[in-house]
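A quick write-up on the structure given underneath.
All values below were derived from every heavy atom in this structure, side-chain atoms included, with hydrogens, water molecules and symmetry-related copies excluded.
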Amino acid sequence: LQGIDKNTKNFESFKTAIVSLSKETGLEFEKLGKGLLAFTTAGLGAEQAQKGLETSAKLAIGTFSDVEENARALTDAYLIFGNTLDETIKKEDQLKFISGLLIKATDPSVTTVSELTQGFENFGAKAKAVGLSLTQTIALLSSLANLGIRGAEGGTALATAFQKLVENSEEVNFIFA
């Protein structure tokens, strides 16, 4: 019964947070709910999920992007790179840090948060596997966007390039050694 009581309190807390944030920002209740769902299904606790939703909403307003997609972008980056951020950034500030990186990398005439998210989906895990930081990963995606290789296409191009480097690591080491 304690678990049920806790879930009921979390549900009420989530409902209050979504209604309040919708009134404050003018963002759709349904989109905010789906954004919150992205944070909770990613394994974030109730308080961190609500803070994540607030960050996602601010990112949506500041970049004219979609709150639900922002939530997915933030959770993807957090799940892939979160453990590398623990050392330098307080846990409660990690989603804000990721959001700040996305804002810095976004230039409406070149790339959007949505396109960075698409690129990240195709390259994020590979970037982590080869030892790149979140900042480096977003910078690479943004740089390719500046060259006209945007979104999923940019992420795929980077994943392919790094895969070929890994596959040919002996040759690469010989050339650069």
Side-chain angles (χ1 to χ4, degrees), residues 3 6-7 10-11 13-14 17-18 21 25 27 30-63 65-106 111-145 149-163 165-166:
K6 183 178 179 184
N7 287 338
N10 284 345
F11 178 77
S13 174
F14 288 157
I18 292 170
L21 198 54
T25 63
L27 296 171
E30 183 179 348
K31 290 276 187 181
L32 290 168
K34 288 180 179 180
L36 184 62
L37 182 62
F39 289 109
T40 57
T41 56
L44 277 65
E47 187 177 327
Q48 193 173 12
Q50 287 180 21
K51 288 183 179 186
L53 181 62
E54 290 171 15
T55 300
S56 181
K58 289 176 184 175
L59 180 60
I61 292 167
T63 61
S65 56
D66 181 74
V67 69
E68 181 183 355
E69 191 167 291
N70 293 345
R72 283 195 314 274
L74 292 171
T75 55
D76 285 351
Y78 178 80
L79 290 174
I80 294 172
F81 289 97
N83 65 338
T84 63
L85 301 174
D86 287 346
E87 303 161 8
T88 56
I89 301 165
K90 290 189 261 180
K91 199 153 191 77
E92 61 269 14
D93 293 333
Q94 289 178 353
L95 293 170
K96 289 179 186 174
F97 174 78
I98 296 168
S99 177
L101 290 176
L102 291 172
I103 290 169
K104 287 179 185 176
T106 302
T111 192
T112 64
V113 172
S114 175
E115 290 170 331
L116 286 172
T117 301
Q118 293 166 7
F120 192 83
E121 287 172 357
N122 291 352
F123 180 57
K126 174 65 69 182
K128 170 81 182 283
V130 298
L132 295 177
S133 70
L134 176 61
T135 303
Q136 292 167 324
T137 302
I138 291 175
L140 284 170
L141 289 167
S142 182
S143 295
L144 276 186
I149 306 170
R150 303 164 78 159
E153 183 181 358
T156 300
L158 285 168
T160 301
F162 276 87
Q163 182 62 40
L165 284 172
V166 169

Legend entry - Residue pair Leu36 / Leu53: nearest heavy atoms and the distance that separates them: N-CD1, 3.8 Å

Legend entry - Main-chain N/O of Thr112 paired to Glu115 side chain as donor or acceptor, under 3.5 Å: yes

Inset, instruction - Please report the shortest heavy-atom distance between Gln94 and Gly82, naming the atom on each side. - result: NE2-O, 3.9 Å

Inset, instruction - Take Thr137 and Leu158 through the side chain to side chain contact (heavy atoms under 4.5 Å, CB included) test and state the conclusion after the steps. - result: CA-CA 9 Å; Thr137 302; Leu158 285 168; over 6 Å; no

Inset, instruction - Mind checking the OG1-NZ spacing from Thr156 to Lys126? Nearest 0.5 Å is all I need. - result: 12.0 Å

Legend entry - Side-chain heavy atoms of Leu134 within contact of Phe120, under 4.5 Å: yes

Legend entry - From Lys34 atom NZ to Glu69 atom CD, the distance as rounded to the nearest 0.5 Å: 12.5 Å

Inset, instruction - Check the surroundings of atom CD in Glu47: do more than 12 heavy atoms from other residues, nucleotides or ligands lie under 6.0 Å from it? - result: no

Inset, instruction - Any chance you could measure Thr117, atom OG1, to Asn122, atom CG, to the nearest 0.5 Å? - result: 11.5 Å

Inset, instruction - Using a 4.5 Å cut-off on heavy atoms from C-beta on, say whether the side chain of Leu27 contacts that of Leu21. - result: no

Legend entry - Close side-chain approach of Phe97 to Thr135, heavy-atom, < 4.5 Å: yes

Legend entry - Glu54 and Lys58 ion-paired at < 4.0 Å: no

Legend entry - Neighbour count above 12 (heavy atom, 6.0 Å) for Gln136 CD: yes

Inset, instruction - Look only at the side chain of Lys128 and the backbone of Ile80, and say whether a donor-acceptor pair between them is shorter than 3.5 Å. - result: yes

Legend entry - Asn70 and Lys31 side chains, donor-acceptor separation under 3.5 Å: no

Legend entry - Non-hydrogen atoms of Ala71 and Ser56 that approach each other most closely: N-OG, 3.2 Å

Legend entry - Closest non-hydrogen atom pair, Ala105 against Leu116: CB-CD1, 3.7 Å

Legend entry - Test of ring centre spacing under 6.0 Å for Tyr78 and Phe39: no

Legend entry - Gap between atom CG of Leu74 and atom CG of Leu59 - 0.5 Å precision: 6.0 Å

Inset, instruction - Flag the pair Leu44 / Leu95 as yes when at least one side-chain heavy-atom distance between them is below 4.5 Å, and no otherwise. - result: yes

Legend entry - Side chain proximity check, Thr111 to Leu141, heavy atoms < 4.5 angstrom: no

Inset, instruction - Could you grab the distance from atom OG of Ser142 to atom CG of Leu102, nearest 0.5 Å is fine? - result: 10.0 Å

Inset, instruction - Work out which heavy atom in Thr25 is nearest to a heavy atom in Ala57; give both atom names and the distance. - result: CG2-CB, 4.5 Å

Legend entry - Heavy-atom closest pair, residues Ile98 and Ala77: CG2-CB, 3.7 Å

Legend entry - Any donor-acceptor pair under 3.5 Å from Thr55 side chain to Lys51 backbone: yes

Legend entry - Check: Asp76 and Glu121 side chains under 4.5 Å, non-hydrogen atoms: yes

Legend entry - Nearest-0.5 Å distance that lies between atom CG in Leu79 and atom OG1 in Thr75: 6.0 Å

Legend entry - pair Ile138-Phe81: side-chain heavy atoms closer than 4.5 Å: no

